[in-house]
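Chain letters run A, B, ... following the sequence lines, proteins first, then strands; residues in each count from 1.
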There are 2 protein chains.
Amino acid sequence: MDKFDAMRIFVEVAEANSFVAASRKLDLSAPAVTRAIARLEKVLGVQLFNRTTRHIRLTDTGARFFDDAKRILEDLEQAEAMANGSYIQPKGELTITAPVLFGQMHITPILTEYLQANPAVTANALFFDRISNLIDEGMDIAIRIGPLKDSSLYATRVGHVQRIVCASPEYLKEYGTPEHPSELTDHRIIQATTVEPSTSWRFSSPKGKVSVKVTPRMNCCQNGAAICAASHGFGITRLMSYQVGEELKAGVLQRILKDFEMDPLPVNIVYLGGQKANAKIRSFIDLAVERLRANPFIDH
Amino acid sequence: MDKFDAMRIFVEVAEANSFVAASRKLDLSAPAVTRAIARLEKVLGVQLFNRTTRHIRLTDTGARFFDDAKRILEDLEQAEAMANGSYIQPKGELTITAPVLFGQMHITPILTEYLQANPAVTANALFFDRISNLIDEGMDIAIRIGPLKDSSLYATRVGHVQRIVCASPEYLKEYGTPEHPSELTDHRIIQATTVEPSTSWRFSSPKGKVSVKVTPRMNCCQNGAAICAASHGFGITRLMSYQVGEELKAGVLQRILKDFEMDPLPVNIVYLGGQKANAKIRSFIDLAVERLRANPFIDH
DNA sequence: ACTATCTATTACATATTTTGAAATTATCTA
DNA sequence: TAGATAATTTCAAAATATGTAATAGATAGT
């Protein structure tokens, strides 16, 4: 028996929710379908369908295997097409995660471009500021900012960003521009909790590390709110450089204490299994690397 | 031909760089190997190996297909292992949220049982009475009481509970047992704010909905305090049926106005991404569903 | 309650494919 | 040039797959 054929039959049956319907669609006899499924179940040692003589229904494991089978068949189809040189469009579901603002600002445009070019792919963009487990949560690709820990993953570095301190020119004009981190204690501070959860802001200088305890007048659990408040001249905040690229360029915000910034944080595209990633994932990564490397708000 | 077998043979041949060596390793005859590869090449319409009668060497497309084939076979192996359940040993961190009292009374015992059975899992139980976003807060599983809104989540219904009105027999003896919601205005009311945040208590009767404005003598933001106060005969309170199962059974509290109770509220176990739910999550859900369905304080 | 109908499954004879031993061909090494 | 060995082909036996027809079970409509 060809296992892949059996899987194709299985997928068809599961979608049609009927053996006969699937047999008609696949141009097979009904017994052929029954037998294919029966064998698959025997090989797996698991019931895939609950059946009566008139109805069938996927079991829980069946439903899980259905997803797997579908993905694997798609993957196989791609691989075969690749081998014989006939290009076929990637299809299926692509799940990607990134920090909230990074995702919104820098990944979304890439993703829409990718989706436009690959109409058969549906995307799942999960932007949040906590680190998730790629495998557990079924992610295909993650954007990570900062040093990497999990070494079982493959990563491509696309540049680096920095924690920067900034305020609006109006604010600085009125209250003065700090020349040393220690002066921050006298200023109105806007705290973006996702960037810098602690109220000790750490800096580095030629003379070594400096830690300054700030007392925020405003706490934002949303970075966007901190940007907004700082732009309106309320005070000084600390953010990621990629979050305020536009504002810095437009002069709405001004970068200060540049000489005391900590080491830059790498930006990585992280994914499972190196060259083993399939066409869908590889093609997205290729595009993303290219676009992110060309992104003026990410340093290289 | 079984394409799956053919691919396995192909991978083996490519790794051994020899047909005979692969045949020995796979316990097959040499012709079987030759034929399998020949067929695979025919199906793909592509040369996979350059061969002389004495040597073989992967072609470029062969090398690429080798990577793909290996990945697909691994993926399939995983999927099969997943299906027949042989691989799963849950491990990692499991984060679960539930309403405070529901968690304390009904989830904690299940969780401890689960942790005992799965020593490699650590749990994070977050019990609070506000609804949190599963994704944002990194929850794996949530227990939700009431109708579900977020349809992007998967849910398994385990039963239903009700808002019930109750008081101690002593109190009822002294002050009388209300026969209609409207009589509540004359009674001492203990308000459990998390169950019924408004002071309008809504009921349903054969004649339609009834809303009664109560004036609580005591406001509890902790359900446990309301239970305690009612048990001591202070007054009438309104709680969830699962919160006072023991008290009702022991006769410490007595359920009143039963004919005017609103429709029952479903109890659901909610989790992300069905097929992607991993062993850790699935196994907990399996256990929790079983235990909760057997729970006498939850109706079915 | 009964029957017609449709679905899944089994039985069985037939057709197809797969198999390995042996023979063949080609290349490398000594 | 001969000997050795790898890949391939040949061929008959064995294994497998297939479709038709028959069976069994469930449902819907009368």
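- Put simply, NE2 on H55(A) is 14 Å from P on dT9(C), counting in whole angstrom units.
- Residue R35(A) places its side chain closer to dG19(D) than to any other of dT16(D), dG19(D), dG20(C).
- Residues satisfying the ring-ring contact (aromatic ring centres under 6.0 Å, His included) test with F297(B), not counting sequence neighbours, are none.
- As judged by a 4.0 angstrom heavy-atom cut-off over every strand, L28(A) is placed among residues making no nucleic acid contact.
- F49(B) pairs by the ring-ring contact (aromatic ring centres under 6.0 Å, His included) definition with F10(B), F19(B), not counting sequence neighbours.
- Residues from residues 11-26 of chain B that place a heavy atom under 4.0 Å from any atom of DNA chain D, listed by number: S18(B), F19(B), V20(B).
- Side-chain proximity of R51(B) to the nucleotides dA7(D), dT16(D), dT9(C) is greatest for dA7(D).
- Using a 4.0 Å heavy-atom cutoff across all strands shown, T52(B) reaches sugar-phosphate atoms only and no base atom.
- Rounded to the nearest 0.5 Å, atoms CG (L76(B)) and CZ (R71(A)) are 9.5 Å apart.
- Computed from coordinates, the R57(A) CZ to dT7(C) C1' distance equals 17 Å when rounded to whole Å.
- Between the P atom of dT9(C) and the CG atom of L48(A) lies a distance of 12 Å, rounded to the nearest Å.
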#### Entry: Trace of the side chain to side chain contact (heavy atoms under 4.5 Å, CB included) decision for L94(A) with T122(A)
CA-CA 6 Å; L94(A) 183 76; T122(A) 57; over 6 Å; no
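- The nucleotide whose nearest atom lies closest to any side-chain atom of P31(B) is, among dA21(C), dG19(D), dA17(D), dA21(C).
- In this structure a side-chain-to-backbone donor-acceptor pair under 3.5 Å is missing from D140(A) to I96(A).
- In this entry the distance linking CG of D27(A) with C1' of dT18(D) reads 13 Å, nearest Å.
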